[in-house]
Amino acid sequence: MLENSSEPPCLDERRKGKPIRRAERLFRLVNQMRGRGVSRADDLAAHLEVSSRTIYRDIAHLQASGLPIEGEAGVGYLLRPGFDLPSMTFTYDQLEALAVGLSFAEAAGDPALILAAREARAKIQASMPQPEARKLADAPYFTLRQNSHAPPHAALLRAAIRKRFVAQMIYRGAGGECSDRRVRPLAIWNLSDGWMFSAWCELRQGFRTFRFDRIAELALTEDRFDDDPAAGLRAFMAQDECAA
């Protein structure tokens with residue numbers, strides 16, 4: 001499902017007394033563009049009975065969500081041939097929220113919940129655009145606690161994991177000493193001991209798990225890291241333990 005918005009409903013739905021959700025408008029917009037050549041924003045706006053500004057905003061949202069739409073305002077837009085609209089489309093944040101929830105259900109230990117979580121993951125995965133490009137099963141977010149607030153650096157590290165950016169940080173050790181680290185974030189953990197994240201540490205040339213409450217400074221660099229089989233999430237999960 002595409003995310004909702006507080007934007008006004010379309011006029012045709014107003015007349016019926018049934019406000020149209022933004023998700024449905026986006027769905028109609030994509031369907032209108034399929035099978036067409038270049039579509040002008042004014043023509044799309046007239047068909048959906050919204051303003052051209054709304055069309056510009058909706059198309060920018062669809063492009064950011066990964067739909068293959070080319071063009072620009074004032075020229076027109078083209079949905080590349082061969083695109084098949086899935087039954088569900090999620091933002092990155094929504095996928096990460098689903099990954100956390102499914103991870104929690106599998107960790108609960110109930111066989112029925114474990115099976116249900118795996119089946120739900122398979123259904124969601126099958127509905128995603130290019131499901132082979134990013135598997136929900138590999139989403140690196142794990143939780144064993146509920147109702148705990150995410151630490152300040154969580155959003156930045158989630159972006160680093162998703163976009164494969166190397167992070168630079170000042171980290172305090174158990175004795176209070178500080179070290180300057182360049183790390184490749186791989187997974188975030190919400191455990192009974194607190195929030196942690198695991199990474200490949202370029203200083204130690206190995207996997208390390210760091211506590212969020214010991215991060216003194218953290219920033220993303222412009223350097224990206226590849227999916228190295230020896231230094232990636234699967235290799236980390238395959239080992240028995242790793243120390244900070």
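- Taking each heavy atom of Ala231 and Arg184 in turn, the nearest pair found is CB-NH1, 4.3 Å.
- Side-chain contact, Arg181 with Ser179: a donor N or O sits under 3.5 Å from an acceptor N or O.
- Side-chain contact between Ser198 and Trp189: present, with at least one pair of heavy atoms (C-beta onward) separated by less than 4.5 Å.
- Looking only at side-chain heavy atoms (C-beta outward), Asp180 and Gln168 come within less than 4.5 Å of each other.
- Looking at heavy atoms from C-beta onward, Gln205 lies in side-chain contact with Trp200 at the 4.5 angstrom threshold.
- For the atom pair CG (Leu233) and CE (Met237), the distance works out to 6.0 Å, reported to the nearest 0.5 Å.
- At a threshold of 4.5 Å between side-chain heavy atoms, the hydrophobic network of Ile, Leu, Val, Met, Phe, Trp and Tyr places Leu26 and Leu78 in two separate groups.
- Leu191 and Phe207 fall within a single hydrophobic cluster, where Ile, Leu, Val, Met, Phe, Trp and Tyr are joined by side-chain heavy atoms under 4.5 Å apart, directly or via other members.
- In the hydrophobic cluster analysis, where Ile, Leu, Val, Met, Phe, Trp and Tyr join through side-chain heavy atoms closer than 4.5 angstrom, Ile188 is grouped together with Leu220.
- Counting heavy atoms from C-beta on, the side chains of Phe197 and Thr209 never come closer than 4.5 Å.
- Listed for the Ser39 side chain is no donor-acceptor partner under 3.5 Å among the backbone atoms of Met33.
- Of the candidates Thr54, Ile55, Asp58, Asp43, Leu48 forms a side chain to side chain contact (heavy atoms under 4.5 Å, CB included) with just one, namely Ile55.
- For the pair Phe210/Val183, a side-chain contact is recorded, criterion being any heavy-atom separation below 4.5 Å from C-beta on.
- Here the shortest heavy-atom pairing between Ser52 and Ala45 reads N-CB, 3.8 Å.
- For CG of Asp228, the number of neighbouring non-hydrogen atoms (other residues, nucleotides, ligands) closer than 6.0 Å is greater than 12.
- The distance from atom CD1 of Ile69 to atom CG of Leu29, rounded to the nearest 0.5 Å, is 6.5 Å.
- Of all heavy-atom pairs between Ala41 and Tyr56, the closest is CB-CE2, 3.3 Å.
- Between atom NZ of residue Lys163 and atom CZ of residue Arg158 there is a gap of 11.0 Å, rounded to the nearest 0.5 Å.
- Seen from the ring of Phe165, Arg224 counts as a face-on cation partner, given the 6.0 Å and 45° thresholds.
- A 4.5 Å side-chain heavy-atom check between Val166 and Glu202 finds at least one atom pair inside the cut-off.
- The cluster map of Ile, Leu, Val, Met, Phe, Trp and Tyr, joined by side-chain heavy atoms under 4.5 Å apart, puts Leu157 and Leu203 in different clusters.
- When side chains are defined from C-beta on, Arg172 does not count as touching Arg211, because their heavy atoms never get closer than 4.5 Å.
- Taken to the nearest 0.5 Å, the CD atom of Glu217 stands 9.0 Å off from the SG atom of Cys178.
- The line from CD1 of Ile215 to CG of Leu156 is 9.5 Å long, rounded to the nearest 0.5 Å.
- Taking CG of Leu102 as the start and CZ of Arg118 as the end, the distance is 11.5 Å to the nearest 0.5 Å.
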